[in-house]
Amino acid sequence: MSMGIRGNNDIYHYEKGVHYLQLAEWPMESLCLTRCGYHECPPGHSWGPKMRPQYHMHFVINGCGTLEINNKTYHLSAGDIFLLPPNTVSHYYADQADPWHYAFTCFVGTQAERYLQKAGFTDEAIVRKCNIAVEHFTSCIDEMLDAHQLTVTNELKRAAALYKLFALLTESNVSSDSRKNAASYDYPSSSYLDHALQYIHFNFEKNISITDIADFVGITRSYLFQIFKQNMDTSPKDYLMRYRMEHAKELLKTTDTPIKDIASSVGYHDPFTFSKMFSNTVGMPPTEYRKEYK
């Protein structure tokens with residue numbers, strides 16, 4: 001099921017000060033582009049007060065302007081981002097002396113609200129700083145505009161550019177940089193645990209550390225330790241070591257591979273360190289284990 005856009009039927013529009021792509025309809029996907037472009041406003045240029053049915057996000061490239069929404073007034077300038085929620089009356093206009101030039105993108109989708117929250121936008125917070133060069137965001141909009149021809153390939157390119165834009169928004173969201181507790185994370189603890197276990201299982205033969213695992217998963221060392229203790233009743237360090245020893249035991253029982261090569265194959269470059277760890281874990285040195293079980 002789709003919903004049509006009312007208004008101008010042109011797909012690609014370019015005139016002095018206005019450059020945009022507008023699509024004829026959109027499906028209700030997780031995130032879907034409906035319109036994007038640039039507007040270099042003349043002094044005092046005004047829109048509204050009225051509302052739109054989609055989200056509209058604006059990136060101020062240079063100049064100044066004013067936004068009036070929800071009984072609040074925001075004076076905006078280069079490096080600001082402002083969001084107009086759907087079905088919300090708003091009014092915004094360019095400064096008379098230094099009118100703004102902004103890029104914009106409009107979108108809908110079942111996951112739009114969730115992604116916007118991760119990007120730092122809420123019902124009460126509809127304005128934020130870019131926190132990175134505005135060109136990073138406008139390059140995504142350029143990609144959307146370049147893919148204006150109506151082909152499946154370009155449909156995918158536009159979707160990719162929109163997701164890339166949101167990745168930049170969430171990545172540059174200062175409020176998400178410092179995570180203080182488990183509630184700050186985006187996924188359930190079981191997902192992080194599965195990701196960590198997969199990393200260990202594919203990389204145990206390398207000289208990896210607990211910090212490497214936590215960084216790969218995208219959480220702190222302390223939170224990694226917490227989810228291992230809660231779900232595995234062990235620490236990530238002990239799990240990694242025991243996983244390595246299980247593989248070493250199998251090699252000792254089924255091959256004639258030298259001890260130093262087995263040590264290297266399970267992540268220990270020093271065979272003496274490996275032998276010590278093996279003895280502490282299994283209860284006997286690797287040479288004795290091989291004699292007893294082979």
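The analysis underlying the following values was restricted to heavy atoms, covering all of them including side chains, and did not include hydrogens, waters or symmetry mates.
Considering only heavy atoms from C-beta on, I141 comes within 4.5 Å of F59 through its side chain. Two residues are said to be in side-chain contact when any heavy atoms from C-beta on lie closer than 4.5 Å; R221 and T211 meet this criterion. The shortest side-chain heavy-atom distance between L84 and I126 does not fall under the 4.5 Å cut-off. The side-chain heavy atoms of Y92 and S46, taken from C-beta on, include no pair separated by under 4.5 Å. Here the side chains of Y38 and T138 are in contact, with some heavy-atom distance below 4.5 Å. W47 has its side chain out of reach of H56: every pair of non-hydrogen atoms, C-beta onward, lies at least 4.5 Å apart. Considering only heavy atoms from C-beta on, K229 comes within 4.5 Å of F225 through its side chain. Taking the side chain as every heavy atom from C-beta outward, Q54 and F107 never approach each other to under 4.5 Å.
Under a 3.5 Å cut-off, the side chain of S264 and the backbone N or O of D261 do not form any donor-acceptor pair. With hydrogens and angles disregarded, a donor-acceptor distance shorter than 3.5 Å links the side chain of D80 to the backbone of S77. Judged by distance alone, with hydrogens and angles left aside, the side-chain atoms of T34 form a donor-acceptor pair with the main-chain N or O of C106 at under 3.5 Å. In terms of modelled atom types and a separation under 3.5 Å, the side chain of D212 and the main chain of S209 share a donor-acceptor contact. Checked by atom type and distance alone, the side chain of T88 pairs as donor or acceptor with a backbone atom of P86 at under 3.5 Å.
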Legend entry - Intermediate values then yes/no, salt bridge (Lys or Arg N to Asp or Glu O under 4.0 Å), E288 and K291: CA-CA 5 Å; E288 289 187 18; K291 289 178 182 178; over 6 Å; no
Legend entry - Steps toward side-chain contact (heavy atoms from CB on, under 4.5 Å) verdict (L76, T66): CA-CA 6 Å; L76 307 172; T66 301; over 6 Å; no
Inset, instruction - Would you check, one step at a time, whether the test ring-ring contact (aromatic ring centres under 6.0 Å, His included) holds for H201 with Y243? - result: CA-CA 8 Å; H201 297 168; Y243 191 81; 4.4 Å; yes
Inset, instruction - Evaluate the side-chain contact (heavy atoms from CB on, under 4.5 Å) criterion for residues I81 and K129: first the C-alpha distance (whole Å), next the side-chain angles of each, then the deciding distance (0.1 Å), finally the verdict. - result: CA-CA 6 Å; I81 308 172; K129 294 291 184 182; over 6 Å; no
Legend entry - side chain to side chain donor-acceptor pair (under 3.5 Å) between S172 and R128, worked out: CA-CA 10 Å; S172 62; R128 54 157 278 195; 2.8 Å; yes
Inset, instruction - List the steps and the verdict of ring-ring contact (aromatic ring centres under 6.0 Å, His included) for H195 and Y199. - result: CA-CA 6 Å; H195 209 35; Y199 182 79; 8.3 Å; no
Inset, instruction - Would you sort out whether L116 and F166 count as a side-chain contact (heavy atoms from CB on, under 4.5 Å), showing the intermediate values? - result: CA-CA 8 Å; L116 285 167; F166 266 84; 3.8 Å; yes
Inset, instruction - Apply side chain to side chain donor-acceptor pair (under 3.5 Å) to R35 and T105, showing your working. - result: CA-CA 6 Å; R35 192 174 182 222; T105 182; over 6 Å; no
Inset, instruction - Take I208 and L240, measure what side-chain contact (heavy atoms from CB on, under 4.5 Å) needs, and give me the verdict at the end. - result: CA-CA 9 Å; I208 60 172; L240 172 61; 4.0 Å; yes
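The pair R158-E143 does not count as a salt bridge, with every side-chain nitrogen at least 4.0 angstrom from each carboxylate oxygen. The existence of a salt bridge linking E124 and K72 is confirmed by a sub-4.0 Å separation between a basic side-chain nitrogen and an acidic carboxylate oxygen.
Shown here is N87, whose CG atom has more than 12 heavy atoms of other residues, nucleotides or ligands within 6.0 Å. Sparse packing is recorded around CD of E113, with 12 or fewer heavy atoms of other residues, nucleotides or ligands lying under 6.0 Å away. By the 6.0 Å contact criterion, CD on E205 is enclosed, its count of non-hydrogen atoms from other residues, nucleotides or ligands being greater than 12. The environment of CG in D123 is sparse: at most 12 heavy-atom neighbours from other residues, nucleotides or ligands sit within 6.0 Å.
M51 and F121 fall into different hydrophobic clusters, where Ile, Leu, Val, Met, Phe, Trp and Tyr side chains are chained together by heavy-atom contacts under 4.5 Å. With hydrophobic clusters built from ILVMFWY side chains whose heavy atoms lie under 4.5 angstrom apart, L224 shares a cluster with Y187. Y93 and F104 are assigned to two separate hydrophobic clusters, defined by single-linkage of ILVMFWY side chains at heavy-atom distances under 4.5 Å. Using a 4.5 Å cut-off between side-chain heavy atoms of Ile, Leu, Val, Met, Phe, Trp and Tyr, with links allowed through other members, L156 and L165 fall into different hydrophobic clusters. Linking Ile, Leu, Val, Met, Phe, Trp and Tyr whenever their side-chain heavy atoms come within less than 4.5 Å leaves L251 and F272 in two separate clusters.
Across all their heavy atoms, K157 and A147 have their closest contact at CB-CB, 3.9 Å. Closest heavy-atom contact between P236 and I210: C-CD1, 3.8 Å. When all heavy atoms are compared, the tightest approach of S90 to L67 is CB-CD1, 4.4 Å. Of all heavy-atom pairs between T281 and M241, the closest is OG1-SD, 2.9 Å. Between P99 and A94, the shortest heavy-atom contact is CB-CB, 3.8 Å. Closest heavy-atom contact between P286 and S275: CG-OG, 3.7 Å.
Within the 6.0 Å centre-distance limit, the rings of H39 and H45 are counted as a close aromatic pair.
Judged by distance alone, the side chains of T153 and T151 never bring a donor and an acceptor atom under 3.5 Å apart. Between the side chains of H101 and E40, no donor-acceptor pair is found at a separation under 3.5 Å.
Taking the six-membered ring for Trp and thresholds of 30 and 60 degrees, Y102 and F82 have ring planes more than 60 degrees apart, a perpendicular arrangement. Ring pair Y163/Y115 is perpendicular by interplanar angle, where above 60° counts as perpendicular and below 30° as parallel.
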